[in-house]
**Student:** 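I have a structure here, written as structure tokens, and I will follow up with some questions on it.
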Amino acid sequence: MKTDRQMKQLWFKFFEEHGFKKIQGASIIPENDPTVLFTTAGMHPLVPYLLGEKHPAGNRIYDVQRCIRTSDIDEVGDNSHLTFFEMLGNWYLGDCPKAEMIKLSYEFLTSKDYLGISKDRLAVTVFAGDETAPRDDEAAKAWEEAGVKKENIFYISDNWWALGGGVGPCGPDSEMFLDTGKPICCKECNPACDCGKYLEVWNDVFMQYKVDKAGEKAQKLARPNIDTGMGLERAVVVLNGDKSVYDSGCLKRVIDFINEKAKIKYNDSIEAKKCYRIITDHLRSSTFILGDERGVTPSNLGQGYILRRFIRRSVNCARTIGLEESVLCEIAQMYIDEYGQDYEDIKANGAKVKEELAKEVEKFSKAIEGGHKEFEKVLNGIERHKQFAKEGEIVENIISGNAAFRLYDTFGFPIELTIELAKARGYSVDKEGFDKKFSEHQELSRQASAGQFKGGLADSSEASAYLHTATHIMLAGLRKMFGENVYQKGSNITPERLRFDFNLDHKMTEEELKTLENFVNEAIANAIPVTCEVMSVEQAKTSGALGIFTNKYGQEVKVYTIGDVSKEICGGPHAKNTKDLHHFKIIKEESSSSGVRRIKAILD
């Protein structure tokens, strides 16, 4: 039996012994990346380095990265889907020694000192080749030489990795599977099958190519990379032979805790089991979002909207199984205790996590009451329609799909609740219309939170770099005006404008906005050089650089200095001199969420 923590320790030990350097995983809230709401994969924060920028830790690195993916949020509750997960990864930057990585993969999987999987149970897939690139015989040969049986090496056409849209760095990948011992489902049965005979453990991506235009043949990449990823929770499930990600570790402890407190028990029904799992998953995601070093609070936009949805779905599920809402904060504390051992920001922000969670639960309880009032308005509207209907017009007792979706999206009413309430009053619900609206909403969510990732920053243009530099100067001005307890809470930069979130307890006055604008423009007028140094985190802290230092000692970082105005740990990119920014202008100042203000600004 392996636990999550044991798996992480084995991963660290293995790659340290093989000459790789451990780096600190990034925040779950991406910095200066408008293409995604959350960090969605281990390679996500490393895109600038995969595209050629030199990493301070060198070209052989490994880590564990906390991730959130919401594209499959409505699948949560089954055996495998999670919105939050930890991703184990290792990288070769600027090099692609495919046979060496495959040999390492085989060793980690089969060595008795590590995972100890029998080589007879190990199956792998390699790229079968198509019009884009040739089949990956090199990988197949490397696997066979490492020790995998030839009959357990499968050529699959889908073993190709590319960024969204298929343009940019790309290449073949090789996936590793555990053979469960189940009989084959058909003569063509292979790891690409959904029959359950093969369970994926790990994936090695060989970024050897690039595609300049969609549909074109891939060209060799001048600076190739290797990127690997092992989803921690799913890997533990596979290795332990569990049926579900909720069958072990902290998730199992939370399920058992809820089972003690709820009126309806875990195994009472399929619906109850799903509710338990949604609460367990969504509260873990909420704890990580609220506790992150760039912490977000519930709101109606972006990350705050997803957070609000997580919490409100948890409340609905708690009501369904007869769980007191106060227990939700106790569950959050369980996650703080567990993950605070690995993530210092979760531990440090524990009180804030529970405070914000409790506020949102209370707010939603009031919204539920509002939902009942809205439901009555919908019925009254139908009755009025009947009263004033034209001669011959038939008005049925049907709640429209649009109205049902509004109850769901605005007031948090699950469709099941709307149907139940409607039935009790002699009405039905246009479920088909609701499903159509729900699918449209789901597609928009996928595009917003997962499907638009095209590679790190919105782009690497000078305009974006200049606006990034402006955020550093602006933060320095805000801290000078309001004190050193002011920190960045998020930013979104495109070539046209910057959007910057920071903590402040009041709306800025016109005079304060003008003072801040003048501060930035004075720095621009002084033509200050922007310099970059690579140093250890300890050196950065000693030098007075602004940054989040939790759990990062021993790692080398980049420190950008703008004269005596600003000194911050940052990945870049930036202007070379403040004079390049020309002129800074604030367009708008508004509320982002509770206790967080937002400034929108341009350079002209």
Side-chain angles (χ1 to χ4, degrees), residues 1-27 39 41-46 49-50 53-67 85-117 122 142 146-147 174 176 201-207 225-236 238-239 249 338-345 534-541 549-558 569 571:
M1 282 289 281
K2 294 283 192 301
T3 66
D4 291 6
R5 184 157 284 107
Q6 286 171 339
M7 273 288 290
K8 284 191 275 191
Q9 293 307 316
L10 286 174
W11 186 265
F12 299 160
K13 180 175 180 287
F14 180 81
F15 283 102
E16 196 69 34
E17 288 180 349
H18 286 82
F20 287 71
K21 189 168 183 180
K22 185 175 184 287
I23 62 170
Q24 180 64 29
S27 167
T39 299
M43 61 84 70
H44 185 170
L46 293 170
Y49 308 106
L50 293 169
E53 190 174 333
K54 185 179 178 181
H55 197 286
N59 62 359
R60 293 189 177 196
I61 55 178
Y62 72 96
D63 75 356
V64 56
Q65 175 62 50
R66 41 186 160 176
C67 305
F85 60 95
E86 292 179 280
M87 181 67 77
L88 303 172
N90 77 285
W91 293 268
Y92 289 86
L93 302 175
D95 193 13
C96 189
K98 190 180 296 185
E100 182 179 325
M101 185 62 237
I102 286 174
K103 184 179 178 182
L104 289 177
S105 300
Y106 181 81
E107 182 183 348
F108 184 73
L109 291 169
T110 62
S111 169
K112 291 181 180 179
D113 293 332
Y114 294 98
L115 301 192
I117 298 173
L122 189 63
S174 189
M176 291 142 266
V201 182
W202 196 358
N203 186 19
D204 292 346
V205 176
F206 308 112
M207 298 183 197
N225 309 283
I226 295 178
D227 162 43
T228 87
M230 178 185 285
L232 178 64
E233 292 86 350
R234 287 191 182 184
V236 169
V238 170
L239 293 168
E338 171 71 18
Y339 293 102
Q341 300 174 60
D342 299 320
Y343 301 101
E344 289 188 16
D345 51 350
V534 176
M535 62 182 74
S536 71
V537 173
E538 185 62 48
Q539 289 172 322
K541 184 177 183 181
F549 296 102
T550 56
N551 208 24
K552 294 185 179 179
Y553 292 95
Q555 180 186 347
E556 288 189 324
V557 294
K558 290 182 177 180
I569 293 176

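From a predicted model like this one, the values you see are computed outputs, not experimental measurements.
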**Student:** Side chains of Asn90 and Trp11, heavy atoms from C-beta outward: is any pair under 4.5 Å?
**Tutor:**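 Sidechains of Trp11 and Asn90: in contact.
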
**Student:** Report yes if some heavy atom in the side chain of Leu50 is under 4.5 Å from a heavy atom in the side chain of Leu93; otherwise report no.
**Tutor:**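 Answer yes - side chains close enough.
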
**Student:** Can we say Asp342 and Arg66 salt-bridge, meaning some charged N sits less than 4.0 Å from an Asp/Glu carboxylate O?
**Tutor:**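 Salt bridge absent between Asp342 and Arg66.
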
**Student:** Would you call Lys13-Glu17 a salt bridge at under 4.0 Å N-O?
**Tutor:**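 A salt bridge links Lys13 with Glu17.
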
**Student:** Taking ring pair (Phe, Tyr, Trp, His ring centres under 6.0 Å) as the criterion, tell me which of Tyr62, Phe20, Phe206, Tyr49 meets it with Tyr92.
**Tutor:**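 Single pass found, and it is Phe20.
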
**Student:** Would you check if Met230 and Phe108 make a side-chain contact, meaning some heavy-atom pair closer than 4.5 Å?
**Tutor:**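 Yes. Closest side-chain heavy atoms under 4.5 Å.
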
**Student:** Using side-chain heavy atoms (C-beta onward) and a distance below 4.5 Å, is Pro97 in contact with Ile226?
**Tutor:**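 When only atoms from C-beta onward are counted, Ile226 and Pro97 do touch, with a gap below 4.5 Å.
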
**Student:** Heavy-atom distance under 4.5 Å between the side chains of Leu46 and Asp227, does that happen here?
**Tutor:**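 Side-chain contact under 4.5 Å: no.
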
**Student:** Do you know which two heavy atoms are closest between Ala142 and Ala99, and how far apart they sit?
**Tutor:**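 Distance-wise, the nearest heavy atoms are CB-CA, 3.9 Å.
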
**Student:** For Glu338, what residues pass the salt bridge (Lys or Arg N to Asp or Glu O under 4.0 Å) criterion, not counting sequence neighbours?
**Tutor:**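 With sequence neighbours excluded, Glu338 shows a salt bridge (Lys or Arg N to Asp or Glu O under 4.0 Å) to Arg5, Arg253, given in chain and number order.
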
**Student:** Is the NZ atom of Lys8 crowded by more than 12 outside heavy atoms at less than 6.0 Å?
**Tutor:**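 More than 12 heavy atoms, drawn from other residues, nucleotides or ligands, come within 6.0 Å of this atom.
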
**Student:** Would you please test Tyr343 and Val64 for side-chain contact (heavy atoms from CB on, under 4.5 Å) and show each step?
**Tutor:** CA-CA 11 Å; Tyr343 301 101; Val64 56; 4.2 Å; yes

**Student:** Given Asp63 and Gln24, is the side-chain contact (heavy atoms from CB on, under 4.5 Å) satisfied, shown in steps?
**Tutor:** CA-CA 6 Å; Asp63 75 356; Gln24 180 64 29; over 6 Å; no

**Student:** Got a donor-acceptor contact below 3.5 angstrom from the Gln65 side chain to the Met43 backbone?
**Tutor:**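 Not confirmed, Gln65 side chain does not pair with Met43 backbone.
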
**Student:** Between Leu232 and Phe85, is there a side-chain heavy-atom distance shorter than 4.5 Å?
**Tutor:**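 A side-chain contact is absent here, since even the closest heavy-atom pair is not under 4.5 Å.
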
**Student:** To the nearest 0.5 Å, tell me how far Thr228 OG1 sits from Met101 CE.
**Tutor:**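 Atom-to-atom, Thr228:OG1 and Met101:CE are 5.0 Å apart.
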
**Student:** Strictly distance-based, threshold 3.5 Å: is any side-chain N or O of Glu233 a donor or acceptor partner for the main-chain N or O of Glu86?
**Tutor:**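 Yes, Glu233 side chain to Glu86 backbone: donor-acceptor pair under 3.5 Å.
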
**Student:** How about Val238 and Trp202: do any of their side-chain heavy atoms sit closer than 4.5 Å?
**Tutor:**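 In short, these two side chains do not touch, never coming nearer than 4.5 Å.
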
**Student:** Do you know the tightest heavy-atom contact between Met7 and Ala235?
**Tutor:**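 Heavy-atom minimum between the residues: CE-CB, 4.1 Å.
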
**Student:** If only atom types and distance count, is the side chain of Asn225 paired as donor or acceptor with the main-chain N or O of Gly94 below 3.5 Å?
**Tutor:**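 Yes; judged by distance alone, with no hydrogens or angles, the pair exists.
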
**Student:** Please lay out, stage by stage, how Ile117 and Met176 fare under the test side-chain contact (heavy atoms from CB on, under 4.5 Å).
**Tutor:** CA-CA 11 Å; Ile117 298 173; Met176 291 142 266; over 6 Å; no

**Student:** Can you tell me which residue among Val534, Ile569, Ile23 is in a side-chain contact (heavy atoms from CB on, under 4.5 Å) with Val557?
**Tutor:**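 Among Val534, Ile569, Ile23, the one meeting side-chain contact (heavy atoms from CB on, under 4.5 Å) with Val557 is Ile569.
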
**Student:** If you define the side chain from C-beta out and look only at heavy atoms, does anything of Lys558 sit under 4.5 Å from Pro56?
**Tutor:**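 Touching, per the 4.5 Å side-chain cut-off.
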
**Student:** Would you name the heavy atoms of Gly42 and Cys67 that are closest together and state the gap between them?
**Tutor:**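 Between these two residues, the closest heavy atoms are N-SG, 4.1 Å.
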
**Student:** Do any N or O atoms from the side chain of Ser174 and from the backbone of Asp204 form a donor-acceptor pair under 3.5 angstrom?
**Tutor:**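 Pair absent, no side-chain N/O of Ser174 close to backbone of Asp204.
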
**Student:** Under the rule for salt bridge (Lys or Arg N to Asp or Glu O under 4.0 Å), what residues qualify as partners of Glu100, not counting sequence neighbours?
**Tutor:**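 Checked Glu100 against salt bridge (Lys or Arg N to Asp or Glu O under 4.0 Å); matches are Arg60.
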
